[in-house]
Amino acid sequence: MSSRTLTGRNTITAQPLCVTVEDGRIRAIDPGPDNEALWLAPGLIDLQVNGYGGCDLNADALDPDVVLALARQMLSTGVTTFVPTLISAPEEKVIRALRAIASARQASAQVACAIPFVHVEGPHISPQDGARGAHPRDQIRPPSLDEFERWQAACGDLVGMVTLSPHWEHAADYIAALTAKGVRVAIGHTHAAPQQIHAAAAAGASLSTHLGNGIALMLPRHPNPIWAQLADERLTATFIADGHHLPADTLKSMLRAKGIERSILISDAVALAGMTPGIYDTPVGGRVQLSVDGRASVAGTDILAGAVRPLKDGVAWATIAGVCGLGDAIRMATEIPGRQVGRRGLLRLGEKADLLRFALDPQNKSLQIDTVLVDGVEVQ
Ligand SMILES: [Zn+2]
């Protein structure tokens, strides 16, 4: 029987705690030392990770070793559960990537636990400029249940989330079929009309992917797809909290509209995340400038070329920029996304002992990771 304790302040109540973990579970929560300076939270849960530290899930021929390396990178940023995300691509490429992720899960029980399922973002999204974001236009196609079945056959039913635009003619049927199989459907990269968005939610769509991004640069003031998704209480929204994709006022207002219980922070990190600032040549985005403040732009322009800050920086930025308090930021990066991946992200008796001890670092707008436990075992 392995047992250990970890102290830190509760991010919601600020009370100092001493947590005892045993056999992978939280067995006791007692008062901790008054002079405790570090914070204690569940391990972070990131529902949208395209890559990190040079590991690219959307590279042409994904190798299982890249997935294993990515899982280690995630742990170093305090993320104990993450959802690998594949963007619009030829079917053969999606299938190869799904197989690689399935192989990585077979090779490592720890990685199998860290990756609950895969998120396929696209290819049934809006082909319009702006709405499609960086997804290649020639890879966007209408929803196809046959293609979905081929994905699942290739990877042992590992696809657990699909992002689409409900403007397609048979979108509601496709959404109903996926949700009947227990697959989460998210609305994103869309130019759909409000009635199509509400019809998608009625058919079972339960999420909005990075609301406020992946949308036309110019919108009618109302109605538009943002208002419709903010208003629909059947939809829980994910938000890219990197300080560049959404201004603080916008995110703050969106969180008020959805409420913390229906809001999730994601990184949407791409392979350049975690790399040293500089100029990089990338296969999808072309020449990209990575700045010191964590912004990736198409070189020589202001156009964003993907998100490059880990989720821990999103938590820190939201807190420091006054979007919300630390307790709410942590809940939106642990407990609320935890509901999408079984039952995770709770600092409570009997729960999985995935824990994170950290200091808030206002100067670097980040969290300094002190300790990461997975199933009660120190991994960082
Ligand atoms: Zn996207």
Side-chain angles (χ1 to χ4, degrees), residues 46-52 56-59 70 82-89 93-94 97 117-141 143 159-168 171 183-192 197 200 205-217 219 224-226 229-230 235-246 250-251 254 263-273 282-286 288 294-298 303-311 314 337 340:
D46 193 340
L47 295 190
Q48 193 155 345
V49 177
N50 309 283
Y52 192 86
D56 189 354
L57 295 174
N58 291 292
L70 177 61
F82 72 101
V83 177
T85 301
L86 305 174
I87 69 163
S88 304
K93 185 179 164 183
V94 174
F117 54 81
V118 176
H119 174 186
V120 181
E121 190 197 26
H124 320 308
I125 56 168
S126 169
Q128 294 183 2
D129 287 349
R132 72 186 162 84
H135 290 237
R137 185 204 293 267
D138 59 353
Q139 295 309 328
I140 292 168
R141 48 192 179 270
V159 178
M161 178 170 171
V162 172
T163 292
L164 54 72
S165 167
H167 74 281
W168 298 100
V183 174
R184 297 146 200 83
V185 175
I187 298 169
H189 289 281
T190 190
H191 66 274
I197 286 165
S206 58
L207 293 155
S208 292
T209 287
H210 53 56
L211 190 57
N213 294 109
I215 192 143
L217 293 178
L219 286 172
N224 68 45
I226 296 179
Q229 290 178 82
L230 283 177
L235 299 171
T236 291
T238 69
F239 299 103
I240 305 172
D242 67 347
H244 300 291
H245 280 75
L246 294 170
T250 306
L251 180 54
M254 287 178 153
S263 299
I264 291 171
L265 304 185
I266 55 168
S267 71
D268 199 13
V270 297
L272 278 185
T282 66
V284 178
V288 171
R295 183 183 172 100
S297 320
V298 176
I303 300 166
L304 285 169
V308 291
R309 298 180 80 171
L311 185 55
Q340 303 293 329

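Values reported hereafter were calculated over all heavy atoms of this structure, with side chains retained and with hydrogens, waters and symmetry mates removed. Remember, it's 1-based here, ligands and their atoms both numbered in the order they're listed.
Remark: side-chain polar atoms of Arg184 are not paired, donor with acceptor, to backbone N or O of Leu207 under 3.5 angstrom. The backbone N or O of Asp268 sits less than 3.5 Å from a side-chain atom of Asn50, completing a donor-acceptor pair.
Judged as a side chain to side chain donor-acceptor pair (under 3.5 Å), and not counting sequence neighbours, the contacts of Glu121 are Gln48, His135, His189, His210. Every residue meeting the side chain to side chain donor-acceptor pair (under 3.5 Å) condition with Asp129, not counting sequence neighbours, appears here in chain and number order: Arg132, Arg137. Every side chain to side chain donor-acceptor pair (under 3.5 Å) that Thr163 has, sequence neighbours left out, goes to His119, Thr209.
Listed by chain and number, the protein N, O or S atoms at a distance under 2.8 Å from the Zn ion (ligand 1) are Glu121 OE2, His189 NE2, His210 NE2.
For the pair Pro337/Ile266, no side-chain contact is recorded, criterion being any heavy-atom separation below 4.5 Å from C-beta on.
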